[in-house]
Amino acid sequence: MEFSLLPGGTICGEARVPGDKSISHRSIMLGSLSEGVTRVSGFLEGDDALATLAAFRAMGVTIERPAEGEVVIHGVGLHGLRAPSGPIDLGNSGTSIRLMSGLLAGQDFDSVLTGDASLCGRPMGRVITPLQQMGADICGDEAGRPPLTIKGNKALHGIHYALPMASAQVKSCVLLAGLYAQGKTTVTEPATTRDHTERMLRGFGCPVQRDEAGVISLSGGASLQATTIEVPADISSAAFFLVAASIAPGSDLQLSHVGINPTRIGILNLLRLMGADIEVHDERVVGGEPVADITVRASQLHGIEVPAAEIPLAIDEFPALFIAAACAEGRTVLRGAEELRVKESDRIAAMAEGLQTLGVQVEVLDDGIIIDGFGAAGSFGGGVVNSYHDHRIAMSFAIAALRGSAGIQVHDADNVQTSFPGFDALARGLGLQISVSNAVESDD
Ligand code: S3P
């Protein structure tokens, strides 16, 4: 699939973007492992969360989908999963493979987890190491990449694990394995990362503590009780429109029911630091997660030095933020973001290449990027950009066209389906001049 964008436009109106991807994954996992029936609304029907759903069905869990965004999970309890009949294919989804590796390490059956070419190129040593320390039998290929082979019937024991990198996936993997471990499992992280696993475990009645020193702990053996989950709109999907409305003159947009968990709001903090006009209204808590409506209007942004503490809070939003930085007045500097190199693509390289194609001055760093914004008087040039099959790269270059001087084509945009089904229709309704064609896949 390919996006074609005409230059210009404004972003106006009201929208609710699809459900949060991280929370949707966790709702299937914890719902399946609980006792009773869990009802989920606002579920993200994107390929990634659906891969998790299919995986649990393949392990014997009855999961109904009565209406769009609604999922009913008939939990089988912590020890009720059955061996899948073959390898579990998790497509493009890093969250599925890393979180599931933790809970599958505690089962009494063997399993193999695999995925697409992008997923099979991503590092899994970060989950293999702590799981082996807990007594799991898990390995990847020679380079520590998928497929992951997990042997069942291993007695896991709790450990203290100091995460070497700020990763919610690794933290969650260890905590989920901890449900099956003897004794206490504790985790510390070098910087705060998204805490949906901890919040949702508490919602299912499993006490997870976090002390003043930031030590997160749980004890093995607690049973989970089914609950009701309302998934907020995904701030990571909202991010494209927060940036779009900020950079396109005359824009005025309202986004409703957006998740504003403090561990996810780096994009709001950074855009505001750049001078964005963003108002957050009607803050409320729904099912243990804070949500709000957000109004964003166009404004002239200025470059910033990205504060290190904001990096994990905005980790998925940097591709969109780089588009904002290109439109800003002055220089934006990001350092300490080496994790961006091991996402669905190398997001520093992919964004730098596309920005340069569109005429933006950038300097690539090992762990970040320096972007010289073209400011109020400037614009992106036209061109053909490769998204490297990365959903967030494709959507970022789509919104760049709002400040383009000529058309932009984005190659290999199929994976937008992983996190944001209906992106093009929603974006078109709000004013982005986007059309979609089914181009022959490039073979990069
Ligand atoms: C996620 C954690 C983050 C994020 C990913 C979703 C999660 O990954 O990039 O999109 O749901 O836990 P890392 O843990 O690798 O930072």
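- Proximity of a side-chain donor or acceptor of Ser251 to a complementary backbone N or O of Ile11 within less than 3.5 Å is detected.
- Checked by atom type and distance alone, the side chain of Thr418 never pairs as donor or acceptor with a backbone atom of Asp48 at under 3.5 Å.
- Between the side chain of Gln225 and the main chain of Gly36, no donor-acceptor pair closer than 3.5 Å is present.
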- Are Ile28 and Phe43 close enough, and set up right, to give a side chain to side chain contact (heavy atoms under 4.5 Å, CB included), and what steps lead you there? CA-CA 9 Å; Ile28 297 291; Phe43 181 79; 3.6 Å; yes
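- Checked by atom type, the side-chain pair Gln409/Ser4 shows a donor-acceptor distance below 3.5 Å.
- In terms of modelled atom types and a separation under 3.5 Å, the side chain of Asp293 and the main chain of His257 share a donor-acceptor contact.
- Residue Ile311 holds its CD1 atom at 5.0 Å from CG of Leu334, rounded to the nearest 0.5 Å.
- The aromatic rings of Phe423 and Phe3 sit tilted relative to each other, their planes meeting at an angle between 30° and 60°.
- Applying the side-chain hydrogen bond (donor to acceptor under 3.5 Å, both in side chains) test between Ser345 and each of Asn415, Asp390, Asn386 identifies Asp390 as the sole match.
- Listed for the Arg202 side chain is a donor-acceptor partner under 3.5 Å among the backbone atoms of Val208.
- Put simply, the side chain of Arg347 never gets that close to the backbone of Phe318: no donor and acceptor are under 3.5 Å apart.
- Between Leu179 and Leu103, every side-chain heavy-atom pair lies at or beyond the 4.5 Å cut-off.
- No hydrogens or angles considered: nothing links the side chains of Asn92 and Asp47 as a donor-acceptor pair under 3.5 Å.
- Here the shortest heavy-atom pairing between Val296 and Ser246 reads CG2-OG, 3.5 Å.
- You'll find the side chain of Pro18 stays beyond 4.5 Å of the side chain of Glu45, heavy atoms only.
- Counting only N and O atoms by type, the side chains of His196 and Ser22 include no donor and acceptor under 3.5 Å apart.
- In this structure, the side chains of Pro262 and Pro290 come closer than 4.5 Å at one or more pairs of heavy atoms.
- Looking at heavy atoms from C-beta onward, Phe204 lies out of side-chain contact with Leu33 at the 4.5 angstrom threshold.
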Show me, pair by pair, the donor-acceptor contacts under 3.5 angstrom made by side chains of residues 270-279, not counting sequence neighbours?
| from | atom 1 | to | atom 2 | distance (Å) |
| --- | --- | --- | --- | --- |
| Arg272 | NH2 | Ile278 | O | 3.1 |
| Glu279 | OE2 | Arg297 | NH1 | 3.2 |

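- Formation of a donor-acceptor pair under 3.5 Å by the Gln300 side chain with backbone atoms of Cys327 is found in this model.
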- Item | Residues Ile260, Ile294; criterion side chain to side chain contact (heavy atoms under 4.5 Å, CB included); working and verdict | CA-CA 10 Å; Ile260 54 157; Ile294 300 180; 4.3 Å; yes
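- In this structure, CE on Met29 lies 10.5 Å from OG on Ser24, to the nearest 0.5 angstrom.
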- Task: Go through the steps to decide whether Leu81 and Phe56 satisfy the test side chain to side chain contact (heavy atoms under 4.5 Å, CB included), and finish with yes or no.
- Result: CA-CA 8 Å; Leu81 295 179; Phe56 281 84; 4.0 Å; yes
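- To the nearest 0.5 Å, the span separating CZ on Arg210 from OG on Ser217 amounts to 10.5 Å.
- Atoms CG and OG1, on Leu430 and Thr10 in that order, are 10.0 Å from each other to the nearest 0.5 Å.
- In this structure the side chain of Glu338 never reaches within 4.5 angstrom of the side chain of Met165, judged on heavy atoms.
- Within a 6.0 Å radius of CG in Asp211, other residues, nucleotides and ligands contribute more than 12 heavy atoms.
- Under a 4.0 Å N-O distance rule, the pair Asp346/Arg341 qualifies as a salt bridge.
- Here the side chain of Glu289 pairs no donor or acceptor atom with the backbone of Val231 at under 3.5 angstrom.
- Considering CG of Leu148 and OG of Ser101, their distance stands at 6.0 Å, rounded to 0.5 Å.
- Under the side chain to side chain contact (heavy atoms under 4.5 Å, CB included) test applied with Leu242, the options Leu268, Val258, Leu321, Leu253 reduce to a single match, Leu268.
- Of all the heavy atoms in Glu317 and Ala239, the pair that sits closest is CG-CB, 3.6 Å.
- Ala15 and Leu426 make their closest contact through CB-CD1, 3.9 Å (heavy atoms, listed as atom of the first residue, atom of the second, distance).
- Counting heavy atoms from C-beta outward, Met100 and Met59 have side chains that approach closer than 4.5 Å.
- A donor-acceptor contact shorter than 3.5 Å is absent between the side chain of Glu189 and the backbone of Ser167.
- Checked by atom type, the side-chain pair Glu2/His411 shows a donor-acceptor distance below 3.5 Å.
- Note that OG1 of Thr188 is 8.0 Å distant from CD1 of Ile216, once rounded to the nearest 0.5 Å.
- The shortest non-hydrogen separation linking Leu44 to Asp20 is CB-O, 4.3 Å.
- Looking at Tyr161 and Leu175, their side chains never come closer than 4.5 Å, going by heavy atoms from C-beta outward.
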- Item | Verdict with reasoning, Asp367 to Leu340, per side chain to side chain contact (heavy atoms under 4.5 Å, CB included) | CA-CA 8 Å; Asp367 62 347; Leu340 293 180; over 6 Å; no
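- At most 12 non-hydrogen atoms from other residues, nucleotides or ligands lie less than 6.0 angstrom from CZ of Arg335.
- Side-chain atoms of Glu64 and His74, non-hydrogen and from C-beta on, do get closer than 4.5 Å to each other.
- Counting only distance, with no hydrogens or angles, the side chain of Arg122 and the backbone of Val342 share a donor-acceptor pair below 3.5 Å.
- For the 3.5 Å distance criterion, the side chains of Ser236 and Arg264 qualify, holding a donor opposite an acceptor.
- Closest approach of Gly140 to Ile128, counting heavy atoms only: N-CD1, 3.6 Å.
- By the 6.0 Å contact criterion, CZ on Arg57 is enclosed, its count of non-hydrogen atoms from other residues, nucleotides or ligands being greater than 12.
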- Message: Go through it in stages, so that I can follow the logic: the residues are Lys171 and Thr193, the test is side-chain hydrogen bond (donor to acceptor under 3.5 Å, both in side chains), and I'd like the CA-CA distance, side-chain angles, deciding distance and then a yes or no.
- Response: CA-CA 9 Å; Lys171 170 177 68 176; Thr193 68; 3.1 Å; yes
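- With 3.5 Å as the limit, one finds no donor-acceptor pair spanning the side chains of Glu230 and Ser41.
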- Steps toward salt bridge (charged side-chain N to carboxylate O under 4.0 Å, His left out) verdict (Arg194, Asp316): CA-CA 11 Å; Arg194 66 191 69 192; Asp316 291 336; 3.1 Å; yes
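- Considering Leu131, Leu104, Val112 in turn, Leu104 is the only one that fulfils the side chain to side chain contact (heavy atoms under 4.5 Å, CB included) rule with Ile150.
- Heavy-atom minimum distance, Ala298 versus Pro249: CB-CA, 3.9 Å.
- Side-chain contact annotation: Thr197 with Arg26, donor-acceptor N/O pair under 3.5 Å present.
- Under the 4.0 Å criterion applied to side-chain N and carboxylate O atoms, Asp195 and Arg199 are assigned as salt-bridge partners.
- By the 30° and 60° cut-offs, the orientation of the rings of Phe374 relative to Phe380 is perpendicular.
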